[in-house]
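Following: one structure in structure tokens, then a few remarks.
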Amino acid sequence: MRLIPLVALLLAMAACLGACGARSVRAAPHGPRSPFLIVLGIAQDGGVPQAGSHTHPGWRDPSRRRMVSCLGLVDPATGRRWLLDATPDLPEQLARLYEACPLGAAKAPDGIFLTHAHIGHYTGLMFLGHEAIGGSGVTVYAAPRMKSFLEANGPWDQLVRYRNIEIEEMTPGRAVQLTECLRVTPFLVPHRQEYSEVVAFRIEGPARSALFIPDIDSWNDLDAMGVRIEDLIASVDVAYLDGTFFGEGEIPGRDMRTIPHPLITTSLARFAALPATERGKVRFIHLNHTNPALDPESSAGRQVRSTGMGLACEGSVFSLGRDTEGSPPN
Ligand SMILES: [Zn+2]
Ligand SMILES: [Zn+2]
């Protein structure tokens, strides 16, 4: 039976290499017993194509679609699986997560970590309810305001009342220990906080660690909080970072200052002085439907790769174990 997950993973990796090019992703077989991350979506909250983009080729060509930004975390030794964010694409992402480790018959993941209350990051919880999975005590890890928001507002409060979900409050800065050698630590990041605080995650495995910051207003605002993104990158082996917009003027007719994100061009410039090993850890994720780097072969995609940084790719796997094959490209 162990061959099945390995074959599924190899297929996913092969597909990914074809879509992204060997430079941006060098996913490789990981030890089947090592915990790993799998990229389940790379798009901004609205997905690709986005509602209203009636002529987007993705409506007719599924290969042009991208799911909303999400990571899966898998511990093959125990068959336990977690999601980082609950997106509107949760049904397919759960299926992909199961393919990555087809152990057990549980419909729901063992837990879901939420970053914040914007539509791409929590509304997938609806599929745990009465009308779909009908989950039973699925653990949802949420920071204090996020937890209160879910408990106080419909339809999410019904998930709590029907015990489809059990919300476990996270304290920013305090690790959630999932297994003996796997833990996830939330930390606060500056981003619009209409309904909840916003957290990002540090994920630590037995030998490697990762950073997941899908949504942030700017690296300068993080500096103002006394945290340098360069120091965070230095402390991990791979960093999935907000790459919502590629450059200025990407959304005609809309003031991009009202939806602040670090432009990829800004990040490329800021990280240009870093050593190649550090730049090689960066994978941009959470790309808006307008972002030209969604096509890795576009000039924008090539520009990213020319700096030694990369673009997250659906299906790519990053080992958190000791397998040398799981190292990021550099
Ligand atoms: Zn978002
Ligand atoms: Zn957001």
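Counting convention: from 1, in listed order, for ligands and their atoms alike. What you see is a predicted model; the values in this text were computed from it and never measured.
At a threshold of 4.0 Å, the pair R145-E197 does not count as salt-bridged, since none of the basic side-chain nitrogens sits closer than that to a carboxylate oxygen. We find that E297 and R305 are joined by a salt bridge, their nearest charged nitrogen and carboxylate oxygen being less than 4.0 Å apart. Ion pairing of R270 with E230 is present here, as a side-chain N (NZ or NE/NH1/NH2) and a carboxylate O approach within less than 4.0 Å.
The N, O or S atom of H191 lying closest to the Zn ion (ligand 2) is NE2.
For E194, the CD atom is densely surrounded, since the number of other residues' heavy atoms within 6.0 Å is greater than 12. Atom CZ of R163 is surrounded by 12 or fewer heavy atoms from other residues, nucleotides or ligands within 6.0 Å.
Proximity of the aromatic rings of F113 and F201 is defined here by a centroid distance below 6.0 angstrom, and this criterion is met.
By the criterion of a separation under 2.8 Å, the protein N/O/S atoms near the Zn ion (ligand 1) amount to D45 OD1, H121 NE2, D215 OD2, H286 NE2.
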